[in-house]
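For this chain, numbers begin at 1 and follow the sequence in order.
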Amino acid sequence: MASKKGNLSINSENMFPIIKKWLYSDHDIFYREVISNACDAITKIRKMDMMGEYQLPDGFKPRVDVVLNDKEKTIKITDNGIGMTAEEVEEYINQVAFSGATDFLNKYKDKANADQIIGHFGLGFYSTFMVSDSVDIDTLSYKSDAASVHWTCDGGSDFEMSDGSKTTVGTTITLHLSEDCLEFCNEYKAREVIEKYCSFMPYEIYLSKENEEGTEMVKASEKLDSDTVIEEVHPEKKEGEDKEPELEYKIKRRPQLLNDTHPLWAKTPKDCTDEEYKEFYRKVFRDYKEPLFWIHLNMDYPFNLKGILYFPKINMEFESIEGTIKLYNNQVFIADNIKEVIPEYLMLLKGVIDCPDLPLNVSRSALQNDGFVKKISEYISKKVAEKLAGLCKTDKENYDKYWDDISPFIKYGCLRDDKFCEKMTDFILFKNLDGKYLTTPEALQINKEAEEEAAKESAVDEDGNKVEAEVVGDKKETEDKKDKKDEDKEPRTIYYVTDEQQQSQYIKMFKAQKMDAFIMNHNIDVPFMQQLESKNEGIRFARIDADLTDTFKSRTSKKAAAELEEKEKELSEKIKKALKNDKLTVKLEKLKDKKMSSMLTVSEESRRMAEMMKMYAMNGMNMGDFGAEGQTLILNANHPLVEYVMEHGDDDNTKLICEQLYDLARIQNAPLEGEAMSKFVARSNEIMMNILK
């Protein structure tokens, strides 16, 4: 066979099966495409009027009419836009995928504003064949010598084009629906779809039924020239009224207006009232709980972007915290929650974003890969951070009130976006044990005064007499030489509580020493704390049962401390033997709270690791006592029970007290479970029986 070269051809016969099955994921999208094209046509004729190439008739009102006929199984979509000549129908309709909008812009690029042309793709019209057996076009161009054109096609490769009968400038698209798509000429379904995609298109869209038999009553002052009057109605004058009641008309039911041509996001923030923002929120999101606050985005450079983001009030125990961000392109709905445009963590919000510069693909259902999209996402993130920071600075009282609701957004944002985290670190709030909200810098300083006071306290000997505290080495001298800048760089600890009831004994100790801690009891808090620690050298978090600082200990002389250390070694062996637990660390301390016999601390690192392992452990996998290496049993040398253990040998009572001291400490740290609880109850009964003896 001889070699042959040629050109591959793509024609409508090849294209229609692809368009009908693959181009659009949702068949109802045809409403958006055809109505968008209608709005384009109106935009074009208005521009021709502005440029002096056409004069609009007096009283011209741009509009798109959708007329349903469930008996004939048709949908008619009519606009009073620019229309088409026979040559333009040949060029824009018969040559599949040739964009009329693009050609128009190229021709008038020096005179027209490209941002106001919705359609970017000629294939939009062909979406009608997804739901239709055949489609008709009736159109009349604005040109003075133009003749009307009728075009029809059954979805194959053949079409018919002839002179038409349309007498008004504009275009009517008639869809003869397929049997499996008749739902789209149902009034309620049509309204639902059009409101979904076209609620904010720039020209009025009206829905009606052909041969409508319904009626409505209007007052004479409300009657329009376009109304079809069926009957005049003279209301009777009511007793006690001075004026004659206004004349009323029974008219043929008017077409329903389905859209708002001037959405709130298109206005400047200073022109919008709080009530307008709330009403817009209720209307768009069907949420009748008022939003906490909102952010109005309005940017013209380096790209065009407008929108409103709402922070909703959430009941986290019973409701999903998934939000809805509606993405628009020139007031045409594109999709919900497109991740490339909206930072993932902001999808927890509710809002609308309109960006005419988005690089959409041919079906407008997804974005083309473009670095420009990332810039849009970064801008939105930046504006949200600026709004929150400004609110914290200028309206701290309300910011405090909002915090419990907005904290999931902010904490999740800090985990997902390092730049957002950096901007928000100083404006993150922590709720203390008294319900007061403090910023991160305030939280870092909250216990500084208490710690300094504890450091100034005089030491005491074994008998409780004051002695001069000895300082090891030249630590004090070194501290005195540190300048303020170096001191500020030192890591400081933010103490937190995860369960106020379970950790109540530790909370009591903290309050007794005028120290404070913060409530962090959500699942997101652990990774959030780790993020702040990794991004800020001066921040460290520790649960209040993670360690025992010097603040809670009585200071002793050097000699007394050495004696205590010797007793600790002996006591440690006795406790480990009684408990049969070699992994346990035992410390003997003189605590300021003399009523506290024992307490258990678990190092922050060990506990976090244990929690992580439990989280990721396979179902049924027994984690056992993982993390027990981080446990430290602290015994109060000032308590009689501890003194008894130190002074007596390994008799039954000593073993009983050792076990009880350990379990009492554990109960303050976490609930006893299973066999451990059973042993604790039995032992408690035994101790009480011994008291009776």
Side-chain angles (χ1 to χ4, degrees), residues 11-42 64-70 72-79 81 83-84 88-101 118-139 149-161 164 166 170-187 189-194 196-198 201 205 207 210 258 332-334 362-365:
N11 54 45
S12 59
E13 188 174 359
N14 307 133
M15 290 291 291
F16 272 118
I18 297 172
I19 292 170
K20 295 191 74 165
K21 190 168 184 179
W22 302 111
L23 183 58
Y24 296 94
S25 56
D26 299 313
H27 282 191
D28 63 6
I29 209 79
F30 78 90
Y31 265 123
R32 182 188 74 184
E33 295 301 306
V34 178
I35 294 175
S36 295
N37 288 343
C39 289
D40 278 351
I42 295 171
V64 178
D65 282 277
V66 180
V67 181
L68 311 175
N69 190 326
D70 51 3
E72 298 293 331
K73 304 174 185 177
T74 63
I75 300 173
K76 291 183 179 179
I77 300 173
T78 301
D79 67 70
M84 289 182 286
E88 288 168 336
V89 172
E90 175 69 34
E91 192 172 30
Y92 300 148
I93 302 299
N94 296 341
Q95 295 182 29
V96 178
F98 186 88
S99 173
I118 296 170
H120 293 290
F121 308 105
L123 285 175
F125 162 73
Y126 286 94
S127 64
T128 56
F129 288 97
M130 293 190 299
V131 297
S132 307
D133 288 331
S134 64
V135 178
D136 300 337
I137 299 175
D138 288 282
T139 183
V149 180
H150 175 76
W151 179 96
T152 184
C153 177
D154 62 3
S157 58
D158 298 326
F159 65 87
E160 291 183 15
M161 192 166 70
K166 188 169 176 58
T171 301
T172 297
I173 309 290
T174 304
L175 286 67
H176 301 270
L177 297 175
S178 308
E179 287 297 323
D180 60 345
C181 296
L182 295 181
E183 61 174 323
F184 293 117
C185 67
N186 174 279
E187 180 181 1
K189 180 65 175 179
R191 184 191 300 118
E192 175 191 338
V193 175
I194 295 171
K196 173 184 176 182
Y197 292 113
C198 311
M201 282 194 182
I205 302 165
L207 178 67
E210 201 162 4
L258 299 184
V332 180
F333 176 75
I334 302 301
V362 72
S363 69
R364 308 188 200 184
S365 61

| At what distance, to the nearest 0.5 angstrom, does CD1 of Ile205 lie from CG of Asp79? | 11.0 Å
| field | Lys189: partners by side-chain contact (heavy atoms from CB on, under 4.5 Å), with sequence neighbours left out | value | Glu183, Phe184, Asn186, Glu192, Val193
| query | Who are the salt bridge (charged side-chain N to carboxylate O under 4.0 Å, His left out) partners of Glu179, not counting sequence neighbours? | reply | Lys73
| Is it true that a side-chain atom of Ser132 and a backbone atom of Leu175 form a donor plus acceptor pair closer than 3.5 Å? | no
| Closest non-hydrogen atom pair, Ile75 against Phe30 | CD1-CZ, 4.0 Å
| query | After noting the C-alpha distance and the side-chain angles of Ile137 and Thr171, does the key distance pass the side chain to side chain contact (heavy atoms under 4.5 Å, CB included) rule? | reply | CA-CA 7 Å; Ile137 299 175; Thr171 301; 4.0 Å; yes
| message | Can you tell me how far apart CG (Leu182) and OG1 (Thr74) are? Round to the nearest 0.5 Å. | response | 11.0 Å
| message | Which residues pass the salt bridge (charged side-chain N to carboxylate O under 4.0 Å, His left out) test with Lys76, not counting sequence neighbours? | response | Glu210
| field | From Asn69 atom CG to Thr174 atom OG1, the distance as rounded to the nearest 0.5 Å | value | 10.5 Å
| field | salt bridge (charged side-chain N to carboxylate O under 4.0 Å, His left out) involving Asp136 - partner list, sequence neighbours excluded | value | none
| task | Please confirm whether the backbone N or O of Val66 pairs with a side-chain atom of Thr78, one donor and one acceptor, at under 3.5 Å? | result | no
| message | What's the separation between atom CD1 in Ile35 and atom CD1 in Ile194, rounded to the nearest 0.5 Å? | response | 4.5 Å
| task | Could you tell me which non-hydrogen atom of Met201 sits nearest to which non-hydrogen atom of Ser36, and how far apart they are? | result | CE-OG, 3.2 Å
| request: State, to 0.1 Å, how close Ala190 and Tyr31 come at their nearest heavy-atom pair, and which atoms those are. | output: CB-OH, 3.5 Å
| query | Do Asp28 and Lys196 pass the side chain to side chain contact (heavy atoms under 4.5 Å, CB included) test, and can you show the C-alpha distance, the side-chain angles, and the key distance before you say yes or no? | reply | CA-CA 10 Å; Asp28 63 6; Lys196 173 184 176 182; 4.1 Å; yes
| request: State the CD-CE distance between Glu90 and Met161, to the nearest 0.5 angstrom. | output: 5.0 Å
| request: Return the set of residues passing side-chain contact (heavy atoms from CB on, under 4.5 Å) with Val34 (not counting sequence neighbours), or none when no residue passes. | output: Ile77, Thr128, Ile173
| task | Verify side chain to side chain contact (heavy atoms under 4.5 Å, CB included) between Val135 and Cys153, making sure each step is shown before the conclusion. | result | CA-CA 6 Å; Val135 178; Cys153 177; 5.9 Å; no
| query | Just how far is it from atom CG of Leu177 to atom SG of Cys185, taken to the nearest 0.5 Å? | reply | 5.0 Å
| note | Heavy-atom closest pair (Ile29 atom, Met130 atom, distance to 0.1 Å) is CG2-CE, 3.7 Å
| field | Nearest non-hydrogen partners of Arg32 and Cys198, listed with the distance | value | CA-SG, 4.1 Å
| said: Test of understanding: with salt bridge (charged side-chain N to carboxylate O under 4.0 Å, His left out), list the residues that count as partners of Glu187, not counting sequence neighbours. | reply: Arg191, Arg253
| Intermediate values then yes/no, side chain to side chain contact (heavy atoms under 4.5 Å, CB included), Thr172 and Val67 | CA-CA 10 Å; Thr172 297; Val67 181; over 6 Å; no
